[in-house]
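Side chains included, hydrogens not; waters and symmetry mates left out as well; all remaining heavy atoms used.
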Amino acid sequence: MLLDKINQTGDIHKLKESEYKSLAGEIRRFLIQKISVTGGHLASNLGVVELTMALHLVFDPSKDKIVWDVGHQSYTHKILTGRRSGFDELRKYGGMSGFPKRKESSCDPFDTGHSSTSISAGMGLAMARDRKGEDYSVISVIGDGALTGGMAFEALNNVSSLKSNYIIILNDNEMSISKNTGGISEHLSKIRRTSEYHDFKEKLTNRLKKAPNMGIPVLKTLTAVKNNIKKVFVPGMLFENMGITYWGPVDGHDIDGLIAVLENAKRLKNPVLIHVVTKKGKGYRPAEEHPECFHGVSPFEIRTGKVKHPKTEADWTDVFSKTLCKAAEQNENIVAITAAMPDGTGLSPFAKRFPDRFFDAGIAEQHAVTFAAGMAAGGLKPVVAVYSSFLQRAYDQIIHDVCIQNLPVVFAIDRAGLVGSDGETHQGIFDLSYLSHIPNMTVCAPKNIYELQDMLNFAFEYPYPVAVRYPRGTGWKGLADFRAPVLAGKAEWIYRESGIALLAVGSMVETADAVRQSLKAMGYEVTLINMRFVRPLDDECLSQVVKTHHLLVTLEENVLKGGFGEHVCAWLEEDESDADIINVAVPDMYVEHGNVDILKKEIGLDAEFILTRILDRIGEQK
């Protein structure tokens with residue numbers, strides 16, 4: 001097997017040119033087999049096998065800098081840099097990351113995880129190289145989906161200031177996670193449709209060079225007007241007009257052709273963008289036919305492509321989706337917005353039922369939020385469905401465009417808290433902190449799927465900005481008998497006793513319930529309160545709690561700094577209360593990838609560790 005010869009960076013050079021195609025096939029089979037067991041990003045990786053091989057054949061990843069935008073397509077890169085054995089533990093706790101990591105390999109020059117960053121990072125590396133007088137190539141690989149992100153265009157606008165070699169690979173597979181939308185997608189589609197121009201130009205140039213006497217003069221004349229010809233054949237010439245040399249489209253599965261283009265690009269003394277057309281999911285029919293289903297996939301059966309352990313119960317996202325659709329039937333002003341994540345956020349059913357009220361802004365969270373603000377100012381009720389870690393990118397817009405104007409935008413924040421296998425860049429552990437200190441913003445979290453329905457319906461009627469955050473995975477159905485009406489800023493008393501008070505937010509109510517049961521079995525009196533709202537805090541509830549409880553325990557699946565627990569501490573200080581308090585939260589750290597239950601145990605968010613902390617504190621008080 002050819003893969004057995006690839007054990008460290010540079011080993012690909014040991015192969016003969018005639019073996020490249022076979023190696024590509026082996027890599028695809030390897031990825032399909034491994035990801036069918038561990039889960040991971042499949043379709044995006046299958047589409048860039050030949051491109052990655054060509055990059056490794058032309059450049060030296062131990063010296064040259066290859067920056068992968070988002071990074072979920074870097075699996076072949078990991079194989080070719082000696083990390084093949086790590087795929088058995090891919091995305092598991094303590095195992096290999098599904099994204100490039102500097103701490104994992106010197107061949108990963110920049111950590112990525114969110115989209116549209118690679119051009120900025122690559123330009124920075126190129127500038128550092130030039131300033132320090134060093135000699136290496138810098139290559140940024142960005143997908144056509146990521147190119148819809150505004151940050152990518154900020155970088156492109158700045159790239160022409162570089163007066164040295166810098167290579168941008170535009171990996172065009174017509175997909176981000178779901179089908180691409182918008183003007184950039186259409187522009188690239190037009191370029192793909194004008195490949196006859198490039199074929200014509202190449203053939204004409206070769207013939208004129210061979211023609212005696214008049215060939216070269218004619219070629220010079222044609223060169224002088226080539227920009228006008230380009231404008232006729234290639235609409236817009238967006239990149240050339242930005243001062244970046246444009247080459248393409250190039251077949252992203254033709255290794256020889258890719259090598260030739262990259263070798264030429266390497267010799268340029270200015271920035272160049274190479275437009276490479278690939279097929280997402282190439283080599284595996286289920287992924288080719290349904291690439292959106294194989295972007296991030298759970299373990300699956302190779303023969304059929306079907307998930308091995310399909311969902312048997314509704315998850316949080318499903319509940320959001322159904323509740324939104326039902327509300328939209330009653331309120332025609334409800335509209336829904338996603339940033340290129342209609343499937344992941346649960347908006348696809350809404351899009352099918354209400355196509356005129358669904359808007360995909362592309363990978364552009366900043367635009368999506370201000371777009372929503374504009375619609376709210378115009379009298380609509382926009383719902384922005386977004387992952388917690390992606391909403392971070394629109395922080396300024398939340399403050400400046402939504403909350404200063406106190407506009408009734410609903411933020412449906414999926415994947416809040418620990419999300420597991422995608423690791424540091426995707427953990428939704430900061431939203432309570434970065435949202436709860438913004439004036440005019442209301443922040444809440446449901447304890448179970450029933451309360452999610454009630455909280456969303458509250459939000460759809462609420463005349464001010466509101467964020468509803470909920471976790472990933474199967475929706476909890478516990479404490480179903482406790483379903484007090486959702487009122488702005490009001491907590492829900494579940495068990496009212498004395499002594500110890502567990503004040504839990506969202507997903508941590510489930511954990512708090514388990515802790516309470518253990519404490520009750522030991523004979524302690526324990527109150528359990530579903531706090532619901534982090535902003536505003538329920539002052540009346542807290543005032544009652546401190547009168548009859550000597551120990552308060554706050555529980556949240558969010559970082560401690562700036563989170564719910566610190567807000568309660570500030571309240572206690574202002575109230576001059578002498579009640580003791582324990583804050584249970586994510587420590588001041590970035591949480592790596594792994595199973596969520598394992599991660600909770602490692603960082604002290606599991607019921608057993610929390611119980612130990614409480615018992616230790618009670619022991620100290622005696």
Side-chain angles (χ1 to χ4, degrees), residues 31 34-45 68-75 77-78 83 86-105 108 110-118 143 145-146 149 175-178 291-300 307 315-317 338-341 343-346 363 365 385-393 413-431 469-474 507 557-559 586 589-600 602-603 605:
L31 291 176
K34 293 297 181 182
I35 298 172
S36 73
V37 175
T38 63
H41 292 95
L42 181 62
S44 53
N45 282 288
W68 299 92
D69 204 282
V70 184
H72 55 220
Q73 76 283 55
S74 62
Y75 290 4
H77 169 74
K78 292 190 179 228
R83 287 174 270 179
F87 278 84
D88 288 330
E89 301 298 316
L90 179 68
R91 303 166 79 235
K92 295 181 182 178
Y93 182 72
M96 186 169 70
S97 170
F99 297 90
K101 295 292 178 186
R102 297 173 69 202
K103 64 183 180 182
E104 192 177 282
S105 171
D108 296 350
F110 199 85
D111 289 6
T112 50
H114 288 188
S115 81
S116 312
T117 64
S118 65
M175 298 284 292
S176 48
I177 292 174
S178 300
E292 70 283 357
C293 297
F294 286 86
H295 174 76
V297 66
S298 300
F300 62 93
V307 175
D315 62 19
W316 294 92
T317 305
T338 182
M341 298 287 290
D343 295 325
T345 60
I363 303 180
E365 290 82 3
V386 62
Y387 288 6
S388 172
S389 66
F390 297 161
L391 186 59
Q392 294 164 184
R393 311 183 73 164
I413 306 177
D414 203 330
R415 269 64 166 181
L418 298 170
V419 298
S421 300
D422 284 334
E424 298 99 323
T425 56
H426 286 62
Q427 310 286 15
I429 57 176
F430 301 101
D431 54 77
R469 59 108 70 173
Y470 44 94
R472 179 184 192 179
T474 302
S507 60
E557 202 169 329
N558 183 82
V559 292
V586 176
M589 61 184 293
Y590 295 106
V591 182
E592 67 169 277
H593 54 276
N595 175 274
V596 170
D597 291 336
I598 294 175
L599 295 177
K600 285 185 175 181
E602 288 295 318
I603 65 177
L605 285 190

Residues in ring-ring contact (aromatic ring centres under 6.0 Å, His included) contact with [X], at least two apart in sequence or another chain:
{"X": "F300", "result": "Y284, F294"}
{"X": "F110", "result": "none"}
{"X": "W316", "result": "none"}

Full working for side-chain hydrogen bond (donor to acceptor under 3.5 Å, both in side chains) between D414 and T345
CA-CA 7 Å; D414 203 330; T345 60; over 6 Å; no
Ignoring hydrogens and geometry, is there a side-chain-to-backbone donor-acceptor pair from [X] to [Y] under 3.5 Å?
{"X": "E592", "Y": "G94", "answer": "yes"}
{"X": "E602", "Y": "K600", "answer": "no"}
{"X": "H426", "Y": "S421", "answer": "no"}
{"X": "T112", "Y": "W68", "answer": "yes"}

Please report the interatomic distance [atom1]([X]) to [atom2]([Y]), rounded to the nearest 0.5 Å.
{"X": "I429", "Y": "Y590", "atom1": "CD1", "atom2": "OH", "value": "8.5 Å"}
{"X": "R91", "Y": "D422", "atom1": "CZ", "atom2": "CG", "value": "4.5 Å"}
{"X": "T317", "Y": "D343", "atom1": "OG1", "atom2": "CG", "value": "11.0 Å"}
{"X": "M341", "Y": "Y387", "atom1": "CE", "atom2": "OH", "value": "3.5 Å"}
{"X": "E89", "Y": "Y93", "atom1": "CD", "atom2": "OH", "value": "13.0 Å"}
{"X": "I413", "Y": "F390", "atom1": "CD1", "atom2": "CZ", "value": "13.5 Å"}

Should the pair D88-K34 be classified as a salt bridge under the 4.0 Å nitrogen-to-oxygen rule?
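Answer for the salt bridge query: yes.
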With side-chain hydrogen bond (donor to acceptor under 3.5 Å, both in side chains) as the test, pick out the partner of D69 among S118, S115, S74.
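Single side-chain hydrogen bond (donor to acceptor under 3.5 Å, both in side chains) partner of D69 among S118, S115, S74: S118.
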For H41, enumerate each residue passing the side-chain hydrogen bond (donor to acceptor under 3.5 Å, both in side chains) test, keeping only those at least two apart in sequence or located in another chain.
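side-chain hydrogen bond (donor to acceptor under 3.5 Å, both in side chains) check on H41 returns nothing, list empty.
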So, using side-chain hydrogen bond (donor to acceptor under 3.5 Å, both in side chains) as the criterion, who are the partners of S507 when residues are at least two apart?
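Testing S507 for side-chain hydrogen bond (donor to acceptor under 3.5 Å, both in side chains), a comparison that skips the adjacent residues, returns E557.
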Steps toward side chain to side chain contact (heavy atoms under 4.5 Å, CB included) verdict (S389, R415):
CA-CA 8 Å; S389 66; R415 269 64 166 181; over 6 Å; no
side-chain hydrogen bond (donor to acceptor under 3.5 Å, both in side chains) between H77 and D108, intermediate numbers included:
CA-CA 9 Å; H77 169 74; D108 296 350; 3.0 Å; yes
Would you please name every residue forming a salt bridge (charged side-chain N to carboxylate O under 4.0 Å, His left out) with R469, sequence neighbours left out?
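Salt bridge (charged side-chain N to carboxylate O under 4.0 Å, His left out) list for R469, sorted by chain: D431.
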